[in-house]
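Report on one structure; see the data block that follows.
Along the sequence shown, residues are numbered consecutively beginning with 1.
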Amino acid sequence: MQTNIPNILFCCIFILLPLVGLNAQEIGNNKEINIDAKERDSLVTVGDSLPLAQTIKATDSILGDSLQVPQKGNQLITDAVKYQAKDYMRISQKENRMFLYNEAQIIYGDMQINAGLIIIDNNKNEVYAYGIPDSTGAYSQKPVFVQANQTVEPDSIRFNFDTERALVYNSRTQQANFNVKGEVTKRENDSVYFMQNVRFTTDEDLENPDYYFYARRIKFVPDKKIVAGLVNMYIADVPTPLGLPFGYFPLTEEETSGFIIPSFGDSQRGYFLQNGGYYFAISDYVDLLTLGDYYTNGSYAVRLESNYAKRYRYRGNVRIRYENQYQSERGFPDYAERTEYNIQWSHNQDAKANPNSRFNASVNLGSSTYYQNSVNQMNTGNFLTNSLSSSVSYSKTFPGEPQVNLSIAARHNQNTRTQTINMSLPTLQASMTRIYPFASKTGSKKGLIENINFQYNLRAENQIRTTDSLFFKPEMFEDANYGAQHSIPVATNFKLFNYLSVSANANYEENWVFRTFEQSYDEFNDEVVIDTINGFDSYRTYNFGTSIGTTLYGLKNFGKDKKIQAIRHVMRPSISYNVNPAFNQYYDTYERINPANPIETNMVDYSRFDGTLYGAPGNRFSSSLGLSISNTLEAKVRSKDSTATEPEKITLLNNFSMSTAYNLAGEAGEPKLSPIALRGSIPIIRDKVDINVAGNMDIYALDNNNRRTNELNINNGGSLFRFTNANVSFGYSFSSKDFEDEGDDENEDDIDNDTYRGGGRRDDLFGKGSDLEGKFYDEEEDPFADEDRQERNDNWYNYKIPWDLRMSYTMTYNNTARQNEITSHSIMFSGDVELSPKWMVGASSGYDLKDLGFTYTQLRFQRDLNTWRLSFNWVPFSERRSWYFFIGIKSSILSDIKYDKRNEPDRRL
């Protein structure tokens with residue numbers, strides 16, 4: 001906490017010293033006039049009967065005047081002194097005083113004083129600044145002192161130039177988010193000030209605050225510290241037992257290191273102290289937060305957080321948490337111990353730092369059960385997430401012709417249910433932009449030859465597959481799989497008969513591996529023996545493909561006088577052909593006893609590249625013909641706006657496609673046609689709801705073992721097509737603003753379901769994640785602080801009730817093996833309602849239409865108490881059943897003044 005008292009006094013000194021005992025005044029517009037004593041007496045007379053000619057009116061020449069005194073001896077004036085008053089300025093020779101009355105102002109350099117009445121007493125060498133009564137008798141035009149961007153507003157001030165001491169009455173100022181009011185302030189010297197009966201608060205209403213801290217006496221050292229005596233907290237002018245026998249407040253505009261007071265309570269692990277530690281303000285570029293938790297049953301946790309940034313270069317943060325948890329007590333049969341950890345790192349490089357290179361990191365790894373069993377984290381979105389992923393990458397571009405792009409990345413993916421971990425440490429990728437060897441150096445490329453292009457790609461990686469129990473141990477590297485893949489794609493495209501678009505492509509690949517696997521059969525043990533052969537080996541593959549397609553338009557006009565004026569159908573059919581040769585040269589055989597007949601043997605084909613990084617090349621020739629068609633249906637509709645000159649365009653069917661493939665090289669008895677895939681979306685509400693549909697249909701029947709046969713399903717007593725699977729889904733987001741008049745402000749935000757800094761989902765369908773102070777991750781500093789709500793905060797009711805709602809529906813059908821069942825069918829929803837400008841309630845839940853039960857449910861209640869914030873989060877059922885209550889001061893500087901109580905969910909160790 002800081003105060004502006006020194007700025008007040010310095011302002012008074014520099015402004016008023018030059019005005020004491022002056023024998024020269026400048027009256028008029030920038031003119032210097034010397035007035036002797038006799039002339040001054042005839043000019044100024046004190047009394048209400050003062051003639052108009054003897055009173056200097058502001059309307060005559062005072063407004064905007066300036067005083068300029070020649071520099072003599074040790075004169076302190078270093079700048080022009082400007083002064084003005086609305087009514088008059090008077091100089092009384094009898095009292096030896098100067099008076100500035102009504103909206104009086106003195107400006108000297110960057111300092112300014114405004115008051116209703118300013119008096120300079122030359123006899124006592126003192127200056128006084130007061131307010132004046134207005135027409136109703138109320139005290140108005142209180143003194144206001146401004147220096148740079150600092151402002152102090154006392155009721156009055158008295159300053160003595162001989163002793164350089166000052167008394168300021170009822171000073172009001174703002175320092176470090178605090179609004180401070182002191183009854184009496186005494187300036188002892190230029191570095192020590194004493195204040196009596198002081199109260200300070202973060203409430204903007206300093207006269208009637210919701211709460212404040214009251215100190216009887218304060219010693220203030222500018223820019224260093226405040227030392228206070230007994231400090232009590234008052235709520236609504238009622239003293240509370242919360243207080244300190246003394247207080248010490250360092251004053252600085254910069255971040256400072258210091259202790260963090262822990263919160264306390266009780267849980268399943270006993271009484272606890274949570275989130276206590278120390279904050280290190282290392283520099284302007286980096287900081288470090290160390291926090292710890294301790295529970296009386298022996299459990300503990302440690303958390304490290306660091307934020308770093310360098311303007312126009314990069315910014316990021318690191319979070320590490322380690323927990324050692326105990327269940328029950330040692331010696332009891334249900335005693336258990338486990339450790340949980342989580343590492344998060346986010347690094348973003350500014351795009352302006354280097355246009356040709358970039359480094360980014362997004363890391364989230366740890367024990368698979370961290371989000372399920374962590375003691376001190378409330379992120380429900382992460383609790384329902386089944387995977388953790390990380391990526392650290394560096395990319396470099398080498399400009400030129402051709403341009404070369406190089407990237408190195410380390411990636412991690414972790415399934416929290418199966419506890420399997422897949423890592424790529426590292427992955428090297430290099431690519432060269434396309435080269436057109438036959439293209440003309442000028443003009444566009446035309447025809448088959450000029451459009452021939454090729455490029456080069458390299459991908460080298462080291463893949464590691466492990467589990468939680470082996471993570472960070474030497475065993476995780478034993479089965480590492482590494483290799484490199486080179487590819488050269490060649491392609492071209494051209495127009496045929498001006499209506500058909502033709503493309504052709506060929507691809508050559510060479511794969512390098514450093515470990516292969518030889519197979520043999522052990523007749524004695526009746527098992528296949530696999531021998532690992534370390535050393536370099538490689539294989540090469542190639543393939544070819546071509547496609548031809550066009551776009552067809554159909555238009556039906558109904559007339560401009562019709563509601564539906566026209567319908568347009570856009571159809572894009574295409575045919576493709578692909579050939580993949582058989583690479584039998586990379587296959588060997590071994591002889592094995594037939595399990596069905598021990599006296600017979602079978603020849604088994606295998607490739608030594610089975611199990612390598614990129615797998616074995618195919619040993620079967622394939623030749624397939626692909627067919628696809630996509631459809632878009634649009635309509636022109638007469639606009640509802642009578643002033644519109646053009647009809648509206650609406651989409652009836654968006655990119656509805658059907659595709660399949662026919663295997664030309666299939667053996668006799670095998671089904672040749674692959675299942676027909678259907679994809680598309682159907683707009684229901686324009687720009688709001690699109691129903692996404694996907695499915696597969698098969699024309700072939702199944703045998704008794706549920707395997708596809710070459711017999712048509714209709715010949716087997718079934719329908720023409722057999723649905724194998726289908727999915728229907730849609731999402732909808734709307735709010736009360738969608739039903740307001742067009743003149744109202746719109747606020748439609750796209751929903752991004754990607755994970756974000758706090759984890760979970762942005763659409764909060766799984767519930768909102770909150771931090772350790774009860775604040776939801778997607779909130780701003782004050783969730784009630786937007787302009788519309790701030791205006792309504794002056795009232796305690798809403799004539800409009802703002803609300804928003806987000807919904808998501810999905811249904812999945814499966815019939816691949818005659819299941820004929822709906823495997824999943826659910827609806828999720830989340831919304832918030834602002835019951836009043838001070839109350840907000842919300843809920844996130846869903847209903848499983850298949851198993852007939854509610855999904856994870858979260859209820860949220862928030863109350864804006866002006867300077868305080870109250871929240872209550874409740875999960876009423878499920879294995880995460882819990883509640884959390886929080887009330888605390890909004891201001892971050894007093895974030896430790898809070899009360900929270902929680903009932904943690906049951907933990908299964």
Check: [X] side chain, [Y] main-chain N or O, donor-acceptor pair, under 3.5 Å:
X	Y	answer
Asn727	Met811	yes
Asn716	Gly718	no
Ser390	His412	no
Thr492	Leu448	yes
Arg592	Glu523	no
Arg411	Thr427	no
Gln429	Ser407	no
Gln463	Asn422	no
Tyr700	Lys672	yes
Asn705	Arg707	no

- [ ] Under the side chain to side chain donor-acceptor pair (under 3.5 Å) rule, what do Glu591 and Thr601 come out as? Steps first, then yes or no, please.
- [x] CA-CA 6 Å; Glu591 190 176 14; Thr601 59; 2.7 Å; yes

Open item on the list: Name the residue from Ser630, Ser659, Ser628 that meets the side-chain hydrogen bond (donor to acceptor under 3.5 Å, both in side chains) definition with Ser574.
Closed with: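 Exactly one pass, corresponding to Ser628.
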
Open item on the list: For a side chain to side chain contact (heavy atoms under 4.5 Å, CB included) check, start with the C-alpha distance between Asp531 and Val529, then their side-chain angles and the critical distance, and finish with the verdict.
Closed with: CA-CA 7 Å; Asp531 295 323; Val529 179; 3.8 Å; yes

Enclosure of [X] [atom1] (heavy-atom neighbours >12, cutoff 6.0 Å):
X	atom1	answer
Glu527	CD	yes
Phe477	CZ	no
Arg540	CZ	yes
Phe536	CZ	yes

To the closest 0.5 Å, what do you measure between [atom1] ([X]) and [atom2] ([Y])?
X	Y	atom1	atom2	answer
Thr823	Lys850	OG1	NZ	7.5 Å
Arg434	Gln455	CZ	CD	4.5 Å
Ile629	Thr660	CD1	OG1	13.5 Å
Tyr508	Tyr456	OH	OH	11.0 Å
Leu678	Phe723	CG	CZ	6.0 Å

With heavy-atom distances below 4.5 Å as the criterion, would you say the side chains of [X] and [Y] are in contact?
X	Y	value
Ile684	Phe730	no
Arg572	Thr632	yes
Phe398	Asn356	no
Leu653	Ile682	yes
Ile421	Met476	no
Phe583	Thr541	yes
Leu720	Ile699	no

Provide the closest heavy-atom pair for [X] versus [Y] in the form atom of the first, atom of the second, distance.
X	Y	result
Ser368	Asn415	OG-O, 3.9 Å
Ser719	Asn713	O-ND2, 3.0 Å
Tyr587	Pro617	OH-O, 2.5 Å

- [ ] Give the intermediate values and the outcome of salt bridge (charged side-chain N to carboxylate O under 4.0 Å, His left out) for residues Lys441 and Glu401.
- [x] CA-CA 13 Å; Lys441 295 183 178 180; Glu401 188 62 37; over 6 Å; no

- [ ] May I ask you to decide if the ring planes of Tyr809 and His825 are parallel, tilted or perpendicular, using 30° and 60° as cut-offs?
- [x]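 Answer is perpendicular, since the angle exceeds 60°.
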
Open item on the list: Please verify the inter-ring angle class for Tyr521 with Tyr590; under 30° counts as parallel, over 60° as perpendicular, anything in between as tilted.
Closed with: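 Rings of Tyr521 and Tyr590: parallel, under 30°.
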
Task: Derivation and outcome, side chain to side chain contact (heavy atoms under 4.5 Å, CB included), residues Arg358 and Asp350 - done: CA-CA 9 Å; Arg358 189 169 185 84; Asp350 194 301; over 6 Å; no

Open item on the list: For a side chain to side chain contact (heavy atoms under 4.5 Å, CB included) check, start with the C-alpha distance between Phe517 and Thr612, then their side-chain angles and the critical distance, and finish with the verdict.
Closed with: CA-CA 8 Å; Phe517 304 95; Thr612 58; 4.3 Å; yes

TODO: Run the numbers on Ile435 and Phe454 for side chain to side chain contact (heavy atoms under 4.5 Å, CB included), then give the verdict.
DONE: CA-CA 6 Å; Ile435 297 176; Phe454 69 93; 4.1 Å; yes

- [ ] Enumerate the residue pairs fulfilling side-chain hydrogen bond (donor to acceptor under 3.5 Å, both in side chains) with a member in residues 542-556, sequence neighbours excluded, ordered by first and then second residue.
- [x]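 Qualifying pairs: Ser503-Ser547.
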
TODO: Answer with yes or no after comparing the ring centroid distance for Phe609 and Tyr539 against a 6.0 Å cut-off, counting only values under it.
DONE: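 Close enough - the centres of the two rings lie under 6.0 Å apart.
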
Task: Between Asn342 and Gln344: side-chain donor-acceptor atoms closer than 3.5 Å - done: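 Checked: Asn342/Gln344 side chains pair up, N/O donor to acceptor below 3.5 Å.
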
